[in-house]
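Along the sequence shown, the residues carry numbers beginning at 1. This one's a predicted model, so the numbers in the text were calculated from it and none came from an experiment.
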Amino acid sequence: MKKVLILIYFISLISLIYANSQKEESNALSSSIKITPEIKKKYPLKHSHNKLSLDCIFCHEGQGDNPESFEAVDEDKCLFCHKSKIYLAKRLEFMDTLKANPHNSVHDGPNLYCDECHREHKPSVNMCSECHLKEIKNNIWMKDTP
């Protein structure tokens, strides 16, 4: 039993040291990125992400230190914070009675890619409005897409 506790202690210690080194590496890279007012204007963050003080590296980790060369991120970056598509669908379950839950669409279920509607550095779009503009305007069953 004592050997197991010692092993757990050493594994925990090594994990802590590794996590700390990764954090320091990320902080060093983050501080090397020059976020100018021009960059902020060209690549604005959504209000909620800005309020959380997220920086470029949070989503664009490993893409260098030049925001101009960053590539679009995969949706796994979105789901890192926003949990899962099923979780998001359940959060908007109250809209299911109107068949208007955008995260559990009648057409696609919870399978749409996040960026089909949500855009980080430019205005988001309501993909449903491409076909259902009349319903949206008349029934007000969907707000602007964040």
Next on the checklist: Using the rule given for side chain to side chain contact (heavy atoms under 4.5 Å, CB included), can you reason through Leu45 versus Phe58, listing the C-alpha separation, both sets of side-chain angles and the distance that settles it, and then say yes or no?
Outcome noted: CA-CA 12 Å; Leu45 289 179; Phe58 193 85; over 6 Å; no
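Aromatic ring orientation, His132 versus His107: parallel (interplanar angle below 30°, classes split at 30° and 60°).
Under the side-chain hydrogen bond (donor to acceptor under 3.5 Å, both in side chains) test applied with Ser124, the options Lys46, His118, Arg119 reduce to a single match, Lys46.
Here the side chains of Pro102 and Met95 are in contact, with some heavy-atom distance below 4.5 Å. Taking 4.5 Å as the limit, every side-chain heavy atom of Arg91 sits out of range of all side-chain heavy atoms of His103. Side-chain contact between Val73 and His60: present, with at least one pair of heavy atoms (C-beta onward) separated by less than 4.5 Å.
Around atom NZ of Lys90, no more than 12 heavy atoms belonging to other residues, nucleotides or ligands sit under 6.0 Å away.
Summarising the geometry of Ile35 relative to Cys56, their closest heavy-atom pair is CD1-SG, 3.3 Å, with the distance given to 0.1 Å. Closest of all the heavy-atom pairs between Thr145 and Val125 is OG1-O, 3.3 Å. Nearest heavy-atom pair across Gln63 and Glu71 is OE1-N, 2.7 Å. Taking each heavy atom of Asn101 and Ala89 in turn, the nearest pair found is ND2-O, 2.9 Å. Minimum heavy-atom separation, Pro110 to Asn104: CD-OD1, 3.7 Å.
Note that the CG atom of Leu88 and the NZ atom of Lys83 stand 9.5 Å from one another [nearest 0.5 Å]. Here the straight-line distance linking atom NE2 of His49 with atom CG of Asp55 works out to 13.0 Å at 0.5 Å rounding. Lys41 contributes atom NZ, which lies 11.5 Å from atom OG1 of Thr36 (distance to the nearest 0.5 angstrom). The distance from atom NZ of Lys34 to atom CG of Asp65, rounded to the nearest 0.5 Å, is 8.5 Å. For the atom pair NE2 of His82 and CD of Glu75, the computed distance is 12.0 Å after rounding to the nearest 0.5 Å. Here CG of Asn66 is found 7.0 Å from CD1 of Ile39. Values are rounded to the nearest 0.5 Å.
Tyr43 and Glu68 form a side-chain donor-acceptor contact under 3.5 Å, judged by distance and modelled atom types alone.
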